[in-house]
Structure formats: C-alpha cells, structure tokens
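Everything below concerns the one structure shown next.
Reminder, nothing fancy here: chain letters follow the sequence lines and each chain counts from 1. Atom set for the values below is all heavy atoms of this structure, side chains included, hydrogens, waters and symmetry mates excluded.
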Number of protein chains: 2
Amino acid sequence: MSQGEMLGPVDDAVGYVLKQAAVALRNAMDVALRPLHLTVPQYACLELLGQRPGLSNAELARGTFVTRQSMNVVLRGLEDRGLVTRPATAPRGRELPTVLTQAGLDHLRTASVAIRRIEKKMCADLTPAQQKGLLEALATCVRSLAGTP
Amino acid sequence: MSQGEMLGPVDDAVGYVLKQAAVALRNAMDVALRPLHLTVPQYACLELLGQRPGLSNAELARGTFVTRQSMNVVLRGLEDRGLVTRPATAPRGRELPTVLTQAGLDHLRTASVAIRRIEKKMCADLTPAQQKGLLEALATCVRSLAGTP
DNA sequence: TGCTCTATGTCAGGACTTTGACATAGCGGA
DNA sequence: TCCGCTATGTCAAAGTCCTGACATAGAGCA
C-alpha cells in the first residue's frame, strides 16, 4: 500500500465511522467470548435473559436485532448446553418463556465481566461527558431513522 | 407483548446502542439502495472507488470491513454489470487496480445522493456540535479498541 | 358465535460471508 | 545471490443469517 493513514472524505461520514466502530466492537467481543465458547448472539441472548427473564423467542430476536429463525437456533444451542430452559408447552398463547439455568447464570457472569472490560476499553479515552453525549447522540440517531421515510 | 418501551439496563450500554444504530442505518441504506439494484457492500465499494480510484481488491476489502474473498465476488458482480473495470494483468505486483466506468460513476452519483439523504435524516435531530462530537467520539472508540489487548 | 387480523414458533431453501488453503510477486537481511 | 517474510488474488468448503412459507393461538369486532 502506498499511503498509511491518509485521511479521506469517507472518514468524515458518520455512517462510515459508525460502521467502523460497530465492526471493531464486534471483533473485540468475538475474541473475548471465544475462550468461553460463546458467540456474540449467544452472549446477547444470555445478557437479555439475565436482565429480563422469561422473554420469548420473538422478543429475544427483536432485542438482539436478528430474525426469529436465527434466535431459534441460538436458543436451541443454548438449550442443548443446559444454559437456558424453555417449557415444553406454552403457558399462554404460543410464547415459550425462556429462563437461565444456574449454569447459564454462571456463564453469563464471566462473560459479562469480559464484555464490560471491552466496553471500558472502548470508552477509555472519552470523558464522562463525551460518553454521555455519545449515548444520547446514538439514541437520537436511532429515533430519527425509525421515523417514516 | 407486555411492555411497550420499558427502559432496560441494556439501553444504557454503549455497545448495545451502537449496534442498534448500526443496524438501523444498515436497514435504511438497504431499502434506499434497492431501487438501484445495489447492495450495501456494492455501494460501499463504488463510493470508495469514486473517492480513491485505482484501489486494489485487498484495499477495498479493508476499506469496507469485509474479507478479500467477499470483495472479490462483489467486484465480479460489478464488473459483469459494467460498473467497474480491472486490467487483465497486474501492472505492479499482483494488485489489480480497479476503476469506475462511466456507467459506474453515474450509478454512484444517484446512489450517493440517496445515501446522503439517509445520513441527513439520521443526524436531523442533532446539533452541529453534537454531530461533531459524535464523529470524534466514535473515532476515539475505534482507536481505543485497536490498541493491544 | 364466527370472522379477520396479528403474532408466534417452526421448517425448508437460498443468499451472503467467512475460514482455510494454495500459488505467486515483491522486499529485506544473511 | 538466496532464502525467508509478507501481501495479493483466487478457489473450495463451511458457517451464518435471512427470505418465504405454513400452522396455530389470541384479540377485536360484527
């Protein structure tokens, strides 16, 4: 390659830098979760269940930004490993409320500290005010994009 | 669903909101590019080539955060549609410098305004200072994550 | 009651991306 | 010069995720 770090116009585009940050975070999470034999979607599922037990498959899918089908296979894998449990029959409607097992809770704890370390590292060079502003700005972006075309 | 918009602890995590924003942007770009028969990676490739003509396959892959193999199939598709051109033989080393054709440039222009409209909408409710802060904060996060573990 | 509409769980198929591997072209030091 | 070392382009295989489709359960309304 000819130039090492030439600043191009793409680096001024919010979308580009957003994508860049998301990919960097994803990769860092991936390597942090590998020793625990967890993928990022699996961890996201556990984290959500830890904070809000009894979520159904569809609710978990929306919460982790994947489809119901993908979440279904994730849950199957976690179920086979004994990390989560779903009742055989639906207590209401067709929703199968999922809960963490003790093993799942233990796994979540260790994974959670690893991920929290990643986030800490990511925000290490940000002042508390900057971090707060980042959070608010991103939330505002999400709201703006959610509106009608 | 029981609760509509209950604010959970996950919404306070920077990583979660970052992912949320990236997915929202990706989806918005997807629907905006569909009428032009372009996928997001294809558009990203065209945009990069428009700003820095002559980039090689590997350089484009790094710039769009995918693997060389994925970028190879993307380039093949764009080449078959006559939007980009690569020399049959490498002028230096093994790199094949890719450039936009006139049709590719036209396609890029229309796609670029559509995407810029999306970014404009995303940042609509942000003050210029907030937008500047967001850009800087994200760049700082990328740098922090890039450091050694 | 009966009908429609929405939402959920699940199965099959396909599209896209990544991992792994290989041959080759420059680069730099012994 | 020669030998490693890195980087590039490409092929094959695997994995991951999504789109499409179906049957079913509850809510709302005539």
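The base of D:dG20 sits with one of its N or O atoms less than 3.5 Å from a complementary donor or acceptor on the side chain of A:Q69. Taking 3.5 Å as the limit, the base of D:dG26 and the side chain of A:E95 contain no donor-acceptor pair of atoms between them.
The main-chain N or O of B:G82 is found under 3.5 Å from a side-chain atom of B:T101 such that the two form a donor-acceptor pair. A donor-acceptor distance shorter than 3.5 angstrom exists from the side chain of B:Q130 to the backbone of B:T127, with no hydrogens or angles considered. In this structure a side-chain-to-backbone donor-acceptor pair under 3.5 Å is present from B:Y16 to A:G63. Side chain of A:K121 to backbone of B:G147: a donor-acceptor contact under 3.5 angstrom is found. A donor-acceptor contact shorter than 3.5 Å links the side chain of A:E59 to the backbone of A:S56. B:E136 contributes no side-chain N or O that, together with a main-chain N or O of B:G133, makes up a donor-acceptor pair within less than 3.5 Å.
Side-chain atoms of B:S70 lie closest to C:dT17 of the nucleotides C:dT17, C:dT8, D:dG9. Closest to the B:S56 side chain, of the nucleotides D:dT19, C:dT10, D:dG9, is D:dG9.
In this structure, B:N57 places its CG atom 17 Å from P of C:dA25, rounding to the nearest Å. A:N72 has its CG atom 16 Å from the P atom of D:dT19, to the nearest Å. Residue A:L55 contributes atom CG, which lies 17 Å from atom P of C:dA7 at whole-angstrom precision. Between A:L75 atom CG and C:dT8 atom P there is a gap of 14 Å when expressed in whole angstrom units. The distance between atom CZ of B:R62 and atom P of C:dT18, rounded to the nearest whole Å, is 14 Å. Distance B:E59 CD to D:dT8 P: 7 Å, rounded to the nearest Å. The nearest whole Å value for the distance from the CE atom in A:M71 to the P atom in D:dT16 is 14 Å.
In this structure, the separation between CG on A:L78 and OG1 on A:T39 is 7.5 Å, given to the nearest 0.5 Å.
Remark on DNA chain C: of its neighbouring residues B:R94 and A:R86, the 5'-side contact belongs to A:R86, judged by nearest-heavy-atom nucleotide. Taking for each of B:V73 and B:R68 the nucleotide of DNA chain C with the nearest heavy atom, the 5'-most of the two is the partner of B:V73. Mapping A:T67 and B:R76 onto DNA chain D by nearest heavy atom places B:R76 closer to the 5' end of the strand.
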>> Is there a side-chain hydrogen bond (donor to acceptor under 3.5 Å, both in side chains) between A:E47 and A:S112? Walk through the geometry before answering.
In response: CA-CA 8 Å; A:E47 186 72 46; A:S112 202; 3.2 Å; yes

>> Using side-chain contact (heavy atoms from CB on, under 4.5 Å), reason through B:L25 and A:L18 one step at a time and then give a plain yes or no.
In response: CA-CA 9 Å; B:L25 176 60; A:L18 182 59; 3.8 Å; yes

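Where the helix from C:dT1-D:dA30 to C:dA30-D:dT1 starts and where it ends, the local axes point in directions that differ by 30°; five pairs per end, rounded to 10°.
Listed by residue number, there are no residues of residues 22-35 of chain B with a heavy-atom contact under 4.0 Å to DNA chain D.
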